[in-house]
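Ligands are counted one by one from 1 in listed order, and the atoms in each one are counted from 1 as well. A quick note: this is a predicted structure, and the numbers were derived from the prediction, not measured.
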Amino acid sequence: MPVGMLTQTSIRCWASGVPIYCRTPWCRVPKLSLSMSLQKHSPHSFLPLEALLDKFGGVTVHLPQELPTAHEGAFQSWLQESIKQWKAEGRAAVWMHIPILQSRFIAVAAAEGFTFHHAELDTSTLTLWLREGQSRLPGFATHQVGVAGAVLDVDTGKVLVVQDRNKATNAWKFPGGLSEPGEDIGNTAIREVFEETGIRSEFKSLLSIRQQHKHPGAFGKSDMYLICRLKPLTFSISFCPQECLKCEWMDLEKLAQMKDTTPITSRVANLLLYGFREGFEKIDLPMREFPAVYTGLFYKLYHRELPRTYQNGTGL
Ligand SMILES: NC(=O)C1=CN([C@@H]2O[C@H](COP(=O)(O)OP(=O)(O)OC[C@H]3O[C@@H](n4cnc5c(N)ncnc54)[C@H](O)[C@@H]3O)[C@@H](O)[C@H]2O)C=CC1
Ligand SMILES: [Mg+2]
């Protein structure tokens, strides 16, 4: 959804470089055009570039491939004015896409606080977090790893579920989120469950892995989504209102049967129910830690429990 008062006219003026009457303040165009446009719009209410609003309240701006008449000083003034306006409007962040041939504007944006998000082929993407506190923008992905925690209270048969705030459809799912660099998947599950629901938990096993390529939520890269079985250590919910709409302890049987879930949640709920009834050893991929051969480091290995007779390599 477009924000600000941008019109296609101003873009065309930019892209073509034709000195038509343009409302772009940093285009060198006849003064008449600017004063004409100001009769309709206040100086702060129009933008020379199309700024699109995303579902997280951020704005995205694409600089055109060709900017024959634009210069850095005018861009800087426009950017400073725009940042003021976006902050006043309560926008969360700015995503600025700059073609490689316009790289001189990267330095201008950097002087206003922008940093690189990523660069690919002929475009770089810079971001600026506008709100208070640390940026919530996700870093760039090669592979993205997401981990959820299926926290099952075996005394009540209830499992912890949430509905995400920023999703188009509000389905029940297990709390979870993206793994941080250097973070073990079990720790991601525990951390995300705590951040989203306020519940403390303990890692028990890995239950499933979903691999999806060209994932829109992973900047078109591949997404690995792992679900872990966790044991609750606390029970009183205090969910994060920025990330979740709802959170509750739900009967596992009810979750396994209900339609109002994502397909993965439904399938894993049934898997978990099977383990709950028949024994978790039937569904668990427990974790063991081993020393890595050359590095002096350790790694974690997840697989089905081996019968004791096979642990010494004989199978007898
Ligand atoms: N099958 C399922 O049931 C689902 C699986 N997934 C998987 O979960 C993993 C990701 O988990 P999530 O809970 O989505 O991540 P998450 O819990 O790490 O982060 C979500 C939060 O990050 C912030 N955020 C994310 N993108 C933002 C942006 N562009 N601008 C501002 N804030 C932003 C928002 O506060 C958002 O609520 C992925 O692996 C995905 O495939 C996600 C949803 C459903
Ligand atoms: Mg999440």
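The aromatic rings of His117 and Phe140 stand perpendicular to each other, their planes meeting at an angle above 60°, with 30° marking the opposite boundary.
Using a cutoff of 4.0 Å between basic side-chain nitrogens and carboxylate oxygens, Lys254 and Asp251 are not scored as salt-bridged. Using a 4.0 Å cut-off between a side-chain N of Lys or Arg and a carboxylate O of Asp or Glu, Glu120 and Lys221 qualify as a salt bridge. Ionic pairing of Glu305 and Arg288 is present here: one or more N-O contacts between side-chain nitrogen and carboxylate oxygen are shorter than 4.0 angstrom.
For atom 35 (O) of ligand 1, the closest non-hydrogen atom of the protein is Arg136 NH2, 3.3 Å. Counting protein heavy atoms only, atom 1 (N) of ligand 1 is closest to Ile264 CD1, 3.4 Å. At the shortest separation from atom 3 (O) of ligand 1 among protein heavy atoms lies Thr262 OG1, 2.9 Å. Atom 21 (C) of ligand 1 has its closest protein heavy atom at Glu243 OE1, 3.6 Å. Distance from atom 25 (C) of ligand 1 to its nearest protein heavy atom, with residue and atom name: Phe56 CZ, 3.7 Å. What sits closest to atom 18 (O) of ligand 1 on the protein, heavy atoms only, is Leu178 N, 2.9 Å. Protein heavy atom at the shortest distance from atom 38 (C) of ligand 1 is Asp223 OD1, 3.4 Å. With respect to atom 43 (C) of ligand 1, the closest heavy atom belonging to the protein is Lys173 CE, 3.7 Å.
Once rounded to the nearest 0.5 Å, the distance linking CD1 of Ile185 with CD of Glu183 reads 10.5 Å.
Judged by distance alone, the side chains of Gln85 and Glu81 never bring a donor and an acceptor atom under 3.5 Å apart. Remark: the Trp86 side chain and the Ser82 side chain contain no N/O donor-acceptor pair separated by less than 3.5 Å. Between Asp223 and Gln212, the side chains place no donor N or O within less than 3.5 Å of an acceptor N or O (distance only, hydrogens not considered).
At least one heavy atom of Glu192 lies less than 4.0 angstrom from ligand 1. A heavy-atom separation below 4.0 Å is found between Lys167 and ligand 1. Heavy atoms of Glu196 approach ligand 1 to within less than 4.0 angstrom. Ligand 1 has at least one atom lying under 4.0 Å from a heavy atom of Pro138. Assignment of Gly176 to the shell around ligand 1 is supported, since a heavy atom sits closer than 4.0 Å.
Put simply, the side chain of Gln102 gets close to the backbone of Gln65: a donor and an acceptor are under 3.5 Å apart. At distances below 3.5 Å, not a single donor-acceptor pair connects side-chain atoms of Asp164 with backbone N or O atoms of Asn166. In terms of modelled atom types and a separation under 3.5 Å, the side chain of Trp172 and the main chain of Glu248 share no donor-acceptor contact. Using modelled atom types, one side-chain atom of Gln311 and one backbone atom of Leu306 make a donor-acceptor pair closer than 3.5 Å.
Atoms of ligand 1 found under 4.0 Å from any heavy atom of Asn166, numbered from 1 in the order shown, are 34 (C), 36 (C), 37 (O). Below 4.0 Å from some heavy atom of Thr265 lie the following atoms of ligand 1, by number and element: 3 (O). Interface atoms of ligand 1 facing Gly146, defined by a heavy-atom separation under 4.0 Å, are 9 (C), 39 (O).
At a cut-off of 2.8 Å, Glu196 is counted among the residues with an N, O or S atom near the Mg ion (ligand 2). Put simply, Gly176 gets within reach of the Mg ion (ligand 2), with an N, O or S atom under 2.8 Å from it.
Not one N or O of Val145 is nearer than 3.5 Å to an N or O of ligand 1, by distance alone. Looking at Arg210 next to ligand 1, an N or O pair under 3.5 Å apart turns up. Looking at Trp129 next to ligand 1, no N or O pair under 3.5 Å apart turns up.
Proximity of Leu137 to ligand 1, defined as any heavy-atom pair under 4.0 Å, is confined to the side chain (atoms from C-beta onward).
A cation-pi arrangement is found for Arg229 relative to Phe280, the charged atom lying closer than 6.0 Å to the ring centre and inside a 45° cone about the ring normal.
Compare Cys240, Gly177, Gly57, Gly217 by their heavy atoms: the one nearest to atom 12 (P) of ligand 1 is in Gly177.
When the shell of 6.0 Å around CD of Gln134 is examined, it contains 12 or fewer heavy atoms from other residues, nucleotides or ligands.
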